[in-house]
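Note that ligands are numbered from 1 as they come in the structure, with each ligand's atoms numbered from 1 the same way. Reckoned from all heavy atoms, side chains included, excluding hydrogens, waters and symmetry mates.
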Amino acid sequence: MTYRAPINDILLALNHGAGLKAAVAAGHYGDFDGDITAAVLEEAGKFASDVLAPLNKVGDEHGITLDAGKVTTAPGWPDAYKRWTDAGWNAVSGPEAFGGQGLPLAINAACTEIWSASNVAFGLCPLLTLSAIEALYAHGSDELKTIYLEKLVSGEWTGTMQLTEPQAGSDVGALRTRAERMPDGSYRIKGTKIFITYGDHDMTDNIVHFVLARLPDAPAGTKGISLFLIPKFLVNADGSKGARNDIHASGVEHKLGMHASPTCTMTMGDHGGAVGYLIGEENRGMACMFTMMNQARLSVALQGVAIAERATQQAFAYARERKQGRATGVESGSSPIIAHPDVKRMLLTMRALTRAARALSYATAVALDRAQRSPDEAARRAAHERASLLTPVAKAFSTDIGSEVASLGVQVHGGMGYIEETGAAQHYRDARIAAIYEGTNGIQAIDLVTRKLPLAGGATVRAYIGEIRRTVEAVNATNDAAFGWTGVRLQDAVDALERATHWLLGSQRNDLDAALAGATPYLRLFALAAGGALLAEEALAAMRLAGNGADAAGRTAIARFFAENLAVQAASLERTVVQAADSVTDADAALA
Ligand SMILES: Cc1cc2nc3c(=O)[nH]c(=O)nc-3n(C[C@H](O)[C@H](O)[C@H](O)COP(=O)(O)OP(=O)(O)OC[C@H]3O[C@@H](n4cnc5c(N)ncnc54)[C@H](O)[C@@H]3O)c2cc1C
């Protein structure tokens, strides 16, 4: 089954759930007036359905090959990449000074969802180029920007991000790749990186690697890491392609999913060292990485949303066609499985989780935009803190539900889901990595609890909880029976969130291990309360827009389903966070 971009869902989430329309109206987006959003997404949707979606299965079945240090991608991939970049899709949010279209990140985020839903392994390549562009734009010298940025923005060259080494995964500070200063101001880099996405491929004629390494006199840990730009082919003074640099793919991984995306071992230094150029200052590489981390994590969150959407579309289509048993009240013949309450429950769970994750991700994107675009300094700072708070929640929740929804998709298909023919199994396999890379979801939860809750002395999170409360009040004020218990259940969820937040802010000072033990359940509790409120916000907006044909009844039903079936888990999650820490920290006997 092919993929259709859910343009109406995306627009509602972006404009109303995430507040893009209000932010534009309040002047936070400068010249951008939002008029072209729908047209851009329509075009992206067409490209995704026509060109990228048909290659999803091809990529899964063919995978990639490595021969003599060169990676060959699946049939049709280089051509699709060329068409994609020729159409300008890599440059959507790129800086205008370097050939980009300068559109808001939120628009590009919606496009990222669309590329990833149609073909997640394809969409992963530009996702990393985007991070590379951001690092270079924010921290690179003018000379490096002049040589590399335009080609990265257009997509003529792709980028990689290289942090991981065998002994340095979550603990980036343990990395050992070495960099030595050269008299001409460049550096020579030697070492091995593992798990490098699109470390080599045949879709472009040059690749620009962004590599973390350590100088000989660097301090230990993360304070001694520097960021280097290492081109696959050096670039001559006139911009033409120069000599092959000493960085090569020496191995590729065989993986559970994402078969079409090369995951490479990269070796530097077989021939004296790779020529590299410093980005930012020596020993300040982690600061450069932090600049782009929010955006990179948002992009991975959108992969979770995307796979969940694709799996949901496919499950709905299958459930309408597949006939088994007879639904209650039907007198003859067999019924489509969508008529059975347990299948309905699975489908509604898929749709509700997907939409909540989308709403959270776009709310993060709008906050990131406002942090850069708002004319007012105080508004920019508040938006930055909002984005910092929401980023780990969006990343971990969206990628967790990506796997959960894809798993439900397999279940809806029954045995046909477990065999490869339908594609449901591919979504399940492809989804799994997103909870691991770009900071595991466990690390996201720790980041939320230890760094984000204390922002502005707790004021950032309290302000956000206050916003959720206002949405609950607005739901209650409608007195609309279609909302059922939505207001009551969301009220319970936000109360639980507030108490757990208060407890965590205190317990970090007294018992850090207790806070760390509750971090993951707290993140889910946060996402359920926030996601429930955002879906209610979308339903309220759909009611206001009902005259324009928006599907208010469907939106309200999803908000209600989420509140009554999923947000109700908040109360038990609160108990897990607050009362169950000892059962983790005192359980050494059970771990023996
Ligand atoms: C397909 C794929 C593509 C990738 N692409 C890239 C890429 O392009 N560039 C790149 O640099 N890397 C890439 N990676 C690497 C990826 O980012 C790491 O795998 C990830 O950061 C986790 O590191 P690790 O595998 O060493 O796991 P570990 O760090 O060993 O973690 C194992 C488990 O322990 C937990 N854990 C670790 N430390 C702590 C702690 N302090 N507190 C609590 N829990 C902890 C983790 O949450 C996890 O559950 C990729 C990996 C894969 C599989």
Side-chain angles (χ1 to χ4, degrees), residues 59-60 63-64 71 116 120-132 135 158-177 191-201 207-213 221-222 225 227-228 230 247 249 251-266 268 285-286 288-289 292-293 296-297 299-300 303 307 392 395-396 399-400 402-403 429-451 512-523 584-585 591:
D60 187 53
I64 52 99
V71 169
S116 304
V120 68
F122 180 94
L124 183 54
C125 183
L127 196 149
L128 288 152
T129 309
L130 199 70
S131 295
T158 61
T160 70
M161 300 306 304
Q162 306 199 12
L163 294 80
T164 307
E165 298 177 12
Q167 77 296 342
S170 302
D171 186 6
V172 181
L175 67 84
R176 291 188 196 133
T177 295
T192 302
K193 296 285 177 182
I194 61 166
F195 297 165
I196 302 308
T197 298
Y198 281 94
D200 195 67
H201 60 79
I207 301 174
V208 189
H209 304 289
F210 288 72
V211 178
L212 288 181
T222 49
I225 292 176
L227 178 63
F228 298 92
I230 304 180
I247 178 166
V252 287
E253 305 297 342
H254 300 278
K255 312 190 293 278
L256 177 66
M258 293 272 205
H259 291 162
S261 147
T263 306
C264 305
T265 301
M266 301 301 295
M268 292 161 277
M286 284 314 284
C288 301
M289 298 303 286
M292 46 178 233
M293 226 166 240
R297 289 181 171 172
S299 299
V300 174
Q303 290 186 324
I307 294 187
K395 195 276 176 182
T399 56
D400 277 344
S403 287
R429 290 186 286 99
D430 284 351
R432 192 62 187 85
I433 183 58
I436 296 171
Y437 57 26
E438 204 45 57
T440 65
N441 285 359
I443 298 294
Q444 302 304 314
I446 291 169
D447 177 49
L448 173 66
V449 165
T450 59
R451 292 195 201 92
L512 182 59
D513 264 2
L516 295 176
T520 290
Y522 174 77
L523 188 145
V584 175
T585 52
L591 291 166

Q.
Give me the nearest non-hydrogen protein atom to atom 19 (O) of ligand 1 as residue plus atom name, then the distance to 0.1 Å.
A. F195 CD1, 3.9 Å
Q) With a 4.0 Å cut-off, strictly under, does atom 13 (C) of ligand 1 pick up any protein heavy atom? A) yes
Q | Shortest non-hydrogen contact between L227 and C288, atoms and distance | A | CD2-CB, 3.7 Å
Q: Could you list which atoms of ligand 1 come closer than 4.0 Å to a heavy atom of I436?
A: 20 (C)
Q | Donor-acceptor contact present, side-chain E165 to main-chain T177, <3.5 Å | A | yes
Q. If you count the atoms of ligand 1 from 1 in the order shown, which ones are under 4.0 Å from a heavy atom of L163?
A. 10 (C), 11 (O)
Q. How about R429: does its CZ atom have over 12 heavy atoms from other parts shown lying under 6.0 Å from it?
A. yes
**Q.** Distance in Å, T520 OG1 paired with I446 CD1, rounded so as to fall on 0.5 Å steps
**A.** 7.0 Å
Q. Which heavy-atom pair separates G199 from I207 by the least distance, and what is that distance?
A. O-CD1, 3.8 Å
Q) Within the distance-only criterion (no hydrogens, no angle test), does the side chain of Q303 pair as donor or acceptor with the backbone N or O of S116 below 3.5 angstrom? A) no
Q: Kindly identify the option in G199, G169, A434, G257 whose heavy atom sits closest to atom 26 (O) of ligand 1.
A: G169
Q | Closest protein heavy atom (residue, atom, distance) for atom 47 (O) of ligand 1 | A | T440 OG1, 2.6 Å
Q) Can you tell me how far the CG atom of D171 sits from the CG atom of L163, to the nearest 0.5 Å? A) 12.0 Å
Q.
Need the ligand 1 atom indices (1-based, order shown) with element for anything under 4.0 Å from a heavy-atom of Y437.
A. 2 (C), 3 (C), 4 (C), 16 (C), 17 (O)
**Q.** Protein heavy atom under 4.0 Å of atom 49 (O) of ligand 1
**A.** no
(Q) For G169, is there any backbone N or O sitting under 3.5 Å from a side-chain donor or acceptor partner on T164? (A) no
Q: Can you sort out which atoms of ligand 1 are near I446, meaning under 4.0 Å from one of its heavy atoms?
A: 42 (N), 43 (C)
Q) Sub-3.5 Å donor-acceptor pair from the side chain of K395 to the main-chain atoms of G439, do we have one? A) yes
Q.
Under 4.0 Å from atom 33 (C) of ligand 1, is there at least one protein heavy atom?
A. no
Q) Considering only protein heavy atoms, which is closest to atom 8 (O) of ligand 1, and at what distance to one decimal place? A) T197 N, 3.0 Å
**Q.** Closest protein heavy atom (residue, atom, distance) for atom 39 (C) of ligand 1
**A.** I443 CD1, 3.8 Å
Q: Give a yes or no on whether atom 10 (C) of ligand 1 lies under 4.0 Å from any heavy atom of the protein.
A: yes
Q: Please work out whether any backbone atom (N, CA, C, O) or any side-chain heavy atom from C-beta onward of D171 is under 4.0 Å from ligand 1, and answer side chain, backbone, both or neither.
A: neither
Q | Part of T164 within contact of ligand 1 (heavy atoms, under 4.0 Å) | A | both
Q. With no hydrogens and no angle check, is any side-chain donor or acceptor of R297 less than 3.5 Å from a backbone partner on E438?
A. yes
Q. Who gets closest to atom 31 (O) of ligand 1 by heavy atom: S131, A296, P166, S170?
A. S170
Q.
Need the ligand 1 atom indices (1-based, order shown) with element for anything under 4.0 Å from a heavy-atom of K255.
A. 1 (C)
Q: Answer side chain, backbone, both or neither: which part of I433 comes under 4.0 Å from ligand 1, heavy atoms only.
A: side chain
Q | Q162 side-chain N/O to I196 backbone N/O, donor-acceptor pair under 3.5 Å | A | no
Q. Can you list the ligand 1 atoms lying under 4.0 Å from a non-hydrogen atom of M161?
A. 7 (C), 8 (O), 9 (N), 10 (C), 11 (O)
Q | atom 42 (N) of ligand 1 touched by protein heavy atom at under 4.0 Å | A | yes
(Q) Using only atom types and a distance under 3.5 Å, with no angle test, would you say the side chain of K193 pairs donor to acceptor with the backbone of L212? (A) yes
